[in-house]
Amino acid sequence: MNSDAAALTCEHLGKVYSQGPQEVEVLKDINLEVFAGDQIAIVGSSGSGKTTLLNLLGGLDLPSSGSVYVAGKNLALVNETERGLLRNQYLGFVFQFHHLLGEFTALENVCMPLLIAGLSVASAADRAGKLLSRVGLEARLEHKPSELSGGERQRVAIARALVAEPSCVLLDEPTGNLDRKTAEEIQDLMSKLNSSLAISFIIVTHDERLADSMQRKLTLQDGMLHESE
């Protein structure tokens with residue numbers, strides 16, 4: 001595979017966990033290439049290893065076998081500091097639970113990745129404010145998470161994931177805690193941002209409607225990825 005041409009690539013990826021004297025093979029021989037603008041949904045039963053796979057693709061965990069490449073670099077062959085820099089520059093993350101910092105405003109939460117990357121406070125605030133406006137929160141910049149609805153908090157989380165203009169955003173059940181109407185609004189928002197920014201999305205979800213709206217739908221079964229019908 002040409003890892004340099006893809007936003008993210010994994011080759012022969014495997015993960016084994018030890019449970020006492022036993023070893024449990026959660027993932028085996030997974031291969032995937034993700035290019036700019038791709039929309040990929042990964043579905044599967046609870047406990048099939050979807051979140052484990054997402055964590056490996058994002059460098060939050062390391063594989064037992066195989067490789068994950070981000071920006072052409074093997075995540076297992078760089079130190080934790082460089083993995084953190086690669087995540088900050090090339091990857092975004094959105095989780096089922098938004099993981100916003102409660103003591104900070106929406107604007108400050110979205111600024112965080114840019115401040116970590118070394119941008120000035122003024123530049124970070126300008127970019128974060130513009131992106132929050134794009135996701136419909138221009139009137140909520142100074143509100144803290146406790147003052148926002150569930151859908152608004154998830155919009156902030158999506159803006160935070162996108163603000164550094166990563167190559168790929170990894171989303172773990174992004175609509176899992178939302179009612180149907182709000183979930184559909186988030187789905188529509190992600191589709192528009194994907195089209196306008198050409199950022200690839202990999203979404204792990206139980207939401208079949210969300211999965212069916214993606215360009216590709218993959219099923220994780222028995223530790224392996226299969227193209228869905």
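This structure is a prediction, so every number in the text was calculated from the model and none was measured.
Rounding to the nearest 0.5 angstrom, the gap separating the CG atom in Leu148 from the CZ atom in Arg153 is 7.0 Å. Rounding to the nearest 0.5 Å gives a distance of 14.0 Å between OG of Ser48 and CE of Met224. Here the straight-line distance linking atom CZ of Arg87 with atom CG of Leu170 works out to 11.0 Å at 0.5 Å rounding. Taken from CG in Leu75 to CG in Leu57, the straight-line distance is 9.0 Å, to the nearest 0.5 Å. Note: Cys168 SG to Phe93 CZ = 9.0 Å, rounded to the nearest 0.5 Å. Residue Leu171 holds its CG atom at 5.0 Å from CD1 of Ile203, rounded to the nearest 0.5 Å.
Both Leu141 and Val163 belong to a common hydrophobic cluster when Ile, Leu, Val, Met, Phe, Trp and Tyr are linked at side-chain heavy-atom distances under 4.5 angstrom. Taking hydrophobic clusters as Ile, Leu, Val, Met, Phe, Trp and Tyr residues chained together by side-chain heavy-atom distances below 4.5 Å, Tyr17 shares a cluster with Leu60. By the rule that hydrophobic residues join a cluster once side-chain heavy atoms approach within less than 4.5 Å of another member, Val43 and Leu54 end up as members of separate clusters. If you chain together hydrophobic residues whose side chains sit under 4.5 Å apart, Leu53 and Tyr90 fall into the same group.
Listed here is the closest heavy atom pair of Asn74 and Ser67: ND2-OG, 3.3 Å. The heavy-atom pair separating Ile42 from Ile202 by the smallest distance is CD1-CG2, 3.8 Å. Heavy atoms only, all atoms of each residue included: Leu62 and Ala76 are closest at CD2-CA, 4.1 Å. Between Glu165 and Ile199, the shortest heavy-atom distance links the atoms CA-CD1, 4.3 Å. Among all heavy-atom pairs drawn from Arg216 and Glu33, the shortest one is NH1-O, 4.1 Å.
Side chains of Gln221 and His226: no donor on one and acceptor on the other come within 3.5 Å.
Cation-pi geometry between Lys73 and Tyr69 is not met: the NZ or CZ atom fails to fall both under 6.0 Å from the ring centre and inside 45° of the normal.
Taking the side chain as every heavy atom from C-beta outward, Glu208 and Lys217 approach each other to under 4.5 Å. Residues Glu11 and Thr9 meet the side-chain proximity criterion, which asks for heavy atoms closer than 4.5 Å.
Distance alone, capped at 3.5 Å, is enough to place a donor-acceptor pair between the Arg140 side chain and the Glu147 backbone.
For the salt bridge (charged side-chain N to carboxylate O under 4.0 Å, His left out) condition, no pair includes a residue of residues 37-56, sequence neighbours left out.
The only member of Leu32, Leu225, Leu56, Asp29 that meets side-chain contact (heavy atoms from CB on, under 4.5 Å) when paired with Leu13 is Leu56. Each of Leu8, Val169, Val34 was scored for a side-chain contact (heavy atoms from CB on, under 4.5 Å) with Ser200, with one residue passing: Val34.
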Pair up each side-chain donor or acceptor in residues 106-123 with any protein partner under 3.5 Å, not counting sequence neighbours, and list the distances.
residue, atom, partner, partner atom, Å
Glu108, OE1, Thr105, N, 2.9
Glu108, OE1, Thr105, OG1, 3.4
Asn109, OD1, Leu101, N, 2.7
Asn109, ND2, Leu101, O, 3.1
Asn109, ND2, Phe104, O, 3.2
Asn109, ND2, Thr105, O, 3.0
Ser120, OG, Ser123, N, 3.1
Ser120, OG, Ser123, OG, 3.0

Sequence neighbours excluded and cut-off under 3.5 Å, please list the side-chain donor-acceptor pairs for residues 21-28, or say none.
none

Note to self: Test side chain to side chain contact (heavy atoms under 4.5 Å, CB included) on Val156 and Leu137; report intermediate values, then the result.
What the structure shows: CA-CA 8 Å; Val156 175; Leu137 294 178; 3.5 Å; yes
Checklist line | Trace of the salt bridge (Lys or Arg N to Asp or Glu O under 4.0 Å) decision for Arg155 with Glu152 | finding: CA-CA 5 Å; Arg155 285 172 181 262; Glu152 288 172 333; over 6 Å; no
